[in-house]
There are 2 protein chains.
Amino acid sequence: MAPTNKDVARRAGVSIATVSRVVNQLPNVRPALRRRVLRAVKELNYEPSRTAQRLRVKRSHVLGVIVSDIQNPFFTSVVRGIEDTAYQHGYSLVLCNSDEDTAKEKLYIDVMRAEGVAGLIVAPTRQTNTHLRALLQQHIPVVAIDRVLHGKHLDNVMVDNVEGARQAVIHLLELGHRRIGMVSTRFISTGTERQQGYLNAFQERGLRADRRLIALGAPKPESGYACTRELLNREPRPTAIFVANNMMLVGALSAIREAGLRAPHEISIVGFDDLPWAPLLEPPLTTIAQPTYELGKCAVELALKRIASPDRAAEQVRLKTGLIVRGSTGAPKMGAA
Amino acid sequence: MAPTNKDVARRAGVSIATVSRVVNQLPNVRPALRRRVLRAVKELNYEPSRTAQRLRVKRSHVLGVIVSDIQNPFFTSVVRGIEDTAYQHGYSLVLCNSDEDTAKEKLYIDVMRAEGVAGLIVAPTRQTNTHLRALLQQHIPVVAIDRVLHGKHLDNVMVDNVEGARQAVIHLLELGHRRIGMVSTRFISTGTERQQGYLNAFQERGLRADRRLIALGAPKPESGYACTRELLNREPRPTAIFVANNMMLVGALSAIREAGLRAPHEISIVGFDDLPWAPLLEPPLTTIAQPTYELGKCAVELALKRIASPDRAAEQVRLKTGLIVRGSTGAPKMGAA
DNA sequence: AAGGGGTTTGAAATCGTTTACAATGTCCGC
DNA sequence: GCGGACATTGTAAACGATTTCAAACCCCTT
C-alpha cells in the first residue's frame, strides 16, 4: 500500500540505487536526475520504510523505555525529558509500563530485545540485573533511571537521595522537631537511600534516630495511608512526618486529614519530589524537588554516549535535589513533643 | 550480535524453515526435531527479529500514540489504558508528545508512517485531518481521542463534554448561582463542546447565559491563571467559576487564592476531570469525572476493530462523565450575586 | 583517435524472517 | 515389493531498504 523505493524509481525512470542516493543525500547524482527523483518522492508521498532500513543497516534509532508507573507525575516528567531529547536526536520511543511488576518487566525486556532497540532506559523494579543480561550480552546499552542497578557497562542516572532526605530532616530538626516519622518504600533503592539520609541527619546533629518511626510500604497511595496511620498511632505521636515517596504522599495526606491534624501547627509534613499541585495544598507543601526533566534528558544522553562508544566504563550520574520550604512545616507545638 | 534463525538452524541441525515452523507453532514437525529446535532456541536465547518479521508479513503489531501533553494526568491515565490493552493484544506502543504543537504533530505523523504502525491513536491539536491524510490513504487506522476529528474511516472516542459541562453548570444553578464564570480552551473541540454544555444548562432552566463570563485560553496553567484573574475582575464578580480544563485549573486555583477568596463561601469552583489530588485540596474539589482509562482502552479496541475490518463505517464513541460533589461548591453568599 | 581519470548509474547481494513449492520419507494396502 | 497418499523437511523467493562493484559515460590529454 505504501509507496516503496521501487515505485519512486519507476516513476522517476531511474534505479532504486539512485533513489536511495537522492533520499540519503549522497553525492554524485546529476542535478537533473536528483530533481526528477525528488519530484517523484513528493508526488508519491514517499517515506522510506524504517523497518527495511533497520533490517539492512543494523542501527535502529529506537529507544525502549520501561517505567514502573506511567501515572506517577515523577515518571511522567522524566518521560517528557526522554521524549524531547530522543526526538531531537532522531530517535523514536517504545514505551512500556511495568507497573512495579517484575514479571511484566521481564516480558517487556524481551519485547525490547525483539524490537531491536538501540538502547533501553529502565526504572528497574528490583535491584537485580538478571533480566537485562541478554540485552547487555548483545551490547545493547541499558541505562537505569531513578533506581540503582549495578553491572558492567550499565549506566545510572539518579538524584542524590541521601542528600535530599538529609536536607528534609535537617530542616525539620532545625525547626525543633525530634520525633520525626518517615514513610518510605521497601525494596527500592531510592527508599533505602532516603532512609540513610534520614539517619545521617540525626547523626550529624549528634541525635539518636528512632528506627521505629520509619514505616515502610509499597509506592502506592493506599500503602502511604496505612504507614501514616501507623505512625500517627505511636505514643507519643511524631510531631513531623517525612513522606519520602510522592505516591505515598497522597495517602499520607488523607490519613493526616482524617486524623483531624492540621499542618503546620499540629504536625509538620515534608514530601519528596515536587508536584504541580504541591503549592495548591492547604497549606502548600514543603518538599524536596527533583530535576525530573533533566533526569530523562541525561538518561538519553548516556544511552547515546554508550551507543557511540560501547566500552566506556559504567557511569553513575547523581543529580542534585533542593529543599523547597512552603507552608506545611513549622516549629512543633511545645508540650506535644 | 543477536542470534538469528540461521544460528538456531545450524545448532539444531535443521533448516531455517523448520526453525520458523517450530517457533510459530505450526503443525507437521516431528516431535524429536521440535525438541531439538526448542533446545537450541533456549540455549541461544533466541528471539525472532520483529524487524525482519514486519518486513516480511505486512502486519506490524505496533500502535502509534500521539498525545498533546504527556504531563497532563488526563492523558497519562489514557495512555495507561492504551498501554494495558495494547500489550494484552500483543501490540507495542510508540509514543510521541506533540506538546500542542501542530508542526511537531505533523512530524510525528510522518514518523509513524515510516515506522509502519498498524494504527495510530492521536489526541489531535487541530480539528483538521490534513496531516493524517497520507495515513488514511494507506488504510492505516486512525483513532482520535478526546477531541473530535472527522473523516471517512476515522474513529473517535471522547467523553460527552456537552453533558459533562451541563451537569457542572446545572449543579451550580441549583445551588443558586447565576453569575457563573467559565474558563475554557480555544480551538479545541472539548472546549467548544463544554461551552455548549454551559449554554445549554442556562437555556434548560430558562435563564440567559452571559457569554462575557466565558474566558478562553490555551490548556496551560498560566493561561488558566490569566483567564481566572480576568473573570475575578468583572463587576459584579462571578459567584462561581467552572474551570473546564484540568491544566488551566492549576492556574485558576492560584489566581483564586491570590485574590484571597475562599471556597465555597466566597466563590464556588467546579473542575473538569478528576485528579488524584482533587480530594486533597482544601476544600476538596467538586469536579466532573472522566473515564480516562476506559477511553484509552476503547481507543485501542476501535483501532483493532478497524485493523480487522478496514471498511467499517466510522464509529464515534461517547463515554459518560459524572459529577462528583465535594466541598468546593456551595450556595452563593446572598447579596454578592 | 586512443587512452585514462573521474563521475554517474545500475545490477545484484544482503539483512532475518515467512512461505510457496518441491523433494524426500513413511506407511499402508494391494 | 510397489504405487499412492500423506506427513515431514528443505530450497528458494519474497519483503524494502542500503551498499558494493562494475559498467557506462564524460572530458581531457596525448
Side-chain angles (χ1 to χ4, degrees), chain A residues 1-38 40-41 44-62 90 92 111 113-118 138 140, chain B residues 1-38 40-41 44-62 90 110-111 113-118 138 140:
Chain A
M1 211 72 266
T4 75
N5 225 348
K6 220 172 277 180
D7 298 320
V8 176
R10 194 168 328 115
R11 183 165 196 118
V14 298
S15 75
I16 58 170
T18 303
V19 173
S20 177
R21 276 189 275 261
V22 171
V23 171
N24 293 28
Q25 317 211 41
L26 298 178
N28 299 339
V29 175
R30 273 204 325 247
L33 261 200
R34 185 178 295 275
R35 273 195 302 275
R36 256 173 43 215
V37 171
L38 286 177
V41 164
L44 294 175
N45 221 331
Y46 167 76
E47 286 270 339
S49 150
R50 295 197 176 192
T51 304
Q53 281 179 331
R54 258 168 230 159
L55 184 59
R56 182 57 227 249
V57 300
K58 309 307 286 300
R59 279 162 306 127
S60 93
H61 288 241
V62 172
S92 309
V111 169
R113 200 154 60 90
E115 288 285 354
V117 295
Q138 297 177 207
I140 297 175
Chain B
M1 212 72 263
T4 75
N5 227 346
K6 221 172 276 181
D7 298 322
V8 176
R10 193 168 331 117
R11 183 166 198 118
V14 299
S15 74
I16 58 169
T18 303
V19 173
S20 177
R21 276 189 274 262
V22 171
V23 171
N24 294 26
Q25 318 212 42
L26 298 178
N28 299 338
V29 175
R30 275 204 325 247
L33 262 202
R34 184 179 296 275
R35 272 196 302 277
R36 256 176 38 217
V37 171
L38 286 177
V41 164
L44 295 175
N45 222 328
Y46 167 75
E47 286 271 338
S49 150
R50 295 198 176 190
T51 304
Q53 281 179 330
R54 258 169 228 159
L55 185 59
R56 184 55 229 245
V57 302
K58 308 306 288 297
R59 280 162 305 125
S60 92
H61 288 241
V62 172
D110 281 341
V111 169
R113 200 153 60 89
E115 287 286 353
V117 295
Q138 297 175 208
I140 298 175

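Proteins come first, then strands; the chains are lettered A, B, ... in the order of their sequence lines, and each starts at number 1.
Remark: B:V57 engages B:R59 in a side-chain contact (heavy atoms from CB on, under 4.5 Å) (not counting sequence neighbours). Evaluation of the side-chain contact (heavy atoms from CB on, under 4.5 Å) rule for B:A2 yields A:Q138 as partners, not counting sequence neighbours. Looking at residues two or more places apart in sequence or on another chain, you find no side chain to side chain donor-acceptor pair (under 3.5 Å) involving B:D110. Partners of A:A52 according to the side-chain contact (heavy atoms from CB on, under 4.5 Å) rule, which considers only residues two or more places apart in sequence or in another chain, are A:S49, B:L55. Shown here are the salt bridge (charged side-chain N to carboxylate O under 4.0 Å, His left out) partners of B:R36, two or more places apart in sequence or in another chain: there are none. With sequence neighbours excluded, the residues that form a side-chain contact (heavy atoms from CB on, under 4.5 Å) with B:K6 are B:T4, B:R10, B:I16.
Summarising the geometry, atom OG1 belonging to B:T51 is positioned 9.5 Å from atom NZ belonging to A:K58; distances are rounded to the nearest 0.5 Å.
Residues B:V62 and B:E115 form no side-chain contact, since every pair of their non-hydrogen atoms from C-beta on lies 4.5 Å or further apart. Contact of the A:S92 side chain with the A:R50 side chain is registered, since non-hydrogen atoms from C-beta on lie closer than 4.5 Å.
Atom CZ of A:R34 and atom C1' of C:dT7 are 13 Å apart (whole Å).
For DNA chain C, the neighbouring residues in residues 19-30 of chain A, judged by any heavy atom under 4.0 Å, are A:R21, A:N28, A:V29, A:R30. Residues from residues 7-14 of chain A with heavy atoms under 4.0 angstrom of DNA chain C, sorted by number: A:V14.
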Between the protein and nucleotides 23-25 of chain D, which nitrogen or oxygen pairs come in under 3.5 angstrom?
none

Which atom pairs link the protein and nucleotides 12-16 of chain D when you take only N or O atoms and keep those under 3.5 Å?
residue	atom	partner	partner atom	Å
D:dA14	N3	B:R56	NH1	2.9
D:dG16	OP1	B:K58	NZ	3.2
D:dG16	N2	A:A52	O	3.4

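The residue from B:V37, B:D7, B:V23 that alone fulfils the side-chain contact (heavy atoms from CB on, under 4.5 Å) condition with B:Y46 is B:V23.
Within the structure, no pair that satisfies the salt bridge (charged side-chain N to carboxylate O under 4.0 Å, His left out) test touches residues 26-35 of chain A, not counting sequence neighbours. The list of side-chain hydrogen bond (donor to acceptor under 3.5 Å, both in side chains) pairs with a residue in residues 17-27 of chain B, not counting sequence neighbours, reads B:S15-B:T18.
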